[in-house]
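In what follows, a single structure is set out as structure tokens and then discussed.
No hydrogens, no waters, no symmetry mates; every other heavy atom, side chains included, goes into these values.
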Amino acid sequence: LSGIEGLSDDDVTVLSTASDGTRSAGVGRPGDVVTVRADWRVPIIAPFLYALFPGGHYEFSAVTDFRNLELPANGGPHRS
């Protein structure tokens with residue numbers, strides 16, 4: 001999926017929000033805002049730091065939002 005060791009499909013969530021505020025799983029439709037979130041854990045390898053982290057792992061989260069492009073009906077380039 002990502003090339004990041006330890007990150008699987010189960011660690012990534014994709015939700016879309018329509019213009020009316022309705023949220024659903026997946027990439028959505030043109031004009032929807034899509035939120036992609038990844039959560040993963042990295043093992044702590046330094047013994048003196050291991051005890052400071054629950055389970056000996058550091059947990060990361062990354063989130064990004066973007067709006068799906070709305071293409072013209074003929075499928076050509078988008079013009080503003």
Side-chain angles (χ1 to χ4, degrees):
L1 168 76
S2 69
I4 297 174
E5 185 176 334
L7 185 65
S8 70
D9 290 351
D10 293 336
D11 300 320
V12 178
T13 305
V14 180
L15 297 172
S16 61
T17 305
S19 60
D20 67 0
T22 305
R23 295 194 77 170
S24 60
V27 297
R29 300 170 56 160
D32 288 357
V33 174
V34 178
T35 302
V36 179
R37 179 185 176 104
D39 298 299
W40 70 101
R41 300 178 339 155
V42 176
I44 302 299
I45 57 174
F48 59 93
L49 291 175
Y50 187 89
L52 299 175
F53 295 89
H57 290 87
Y58 185 77
E59 295 186 13
F60 287 90
S61 292
V63 179
T64 189
D65 296 314
F66 60 90
R67 183 175 305 278
N68 278 341
L69 183 64
E70 293 187 48
L71 296 175
N74 66 5
H78 182 71
R79 299 196 198 306
S80 313

_Closest non-hydrogen atom pair, Val27 against Val34_ = O-CG2, 3.2 Å

*May I ask you to decide if the ring planes of Phe60 and Trp40 are parallel, tilted or perpendicular, using 30° and 60° as cut-offs?*
parallel

*When you check the side-chain N and O atoms of Ser61 and Arg37, is any donor under 3.5 Å from an acceptor?*
yes

*Are Tyr58 and Leu52 joined in one hydrophobic group, where the rule is that I, L, V, M, F, W and Y side chains link up if heavy atoms are under 4.5 Å apart?*
yes

*Give a yes or no on whether Ile45 and Phe53 share a hydrophobic cluster (residues Ile, Leu, Val, Met, Phe, Trp, Tyr; joining criterion: side-chain heavy atoms under 4.5 Å apart).*
no

*Which heavy atom of Asn68 sits nearest a heavy atom of Pro30, and at what distance?*
CB-CA, 4.0 Å

_List the residues meeting side-chain contact (heavy atoms from CB on, under 4.5 Å) with Arg23, not counting sequence neighbours, and say none if there are none._
Leu15, Thr17, Thr35

*Any residue meeting ring-ring contact (aromatic ring centres under 6.0 Å, His included) with Tyr50, in chain and number order, not counting sequence neighbours*: none

*Considering residues at least two apart in sequence or located in another chain, which fulfil the side-chain contact (heavy atoms from CB on, under 4.5 Å) criterion with Ser19?*
none

*Going hydrophobic residue to hydrophobic residue with side-chain gaps under 4.5 angstrom, can you get from Ile44 over to Phe48?*
yes

*Under the 3.5 angstrom rule, does the side chain of Arg67 hit a backbone N or O of Val33 as a donor-acceptor pair?*
no

*Roughly how far, to the nearest 0.5 Å, is CG of Asp39 from CG of Asp10?*
11.5 Å

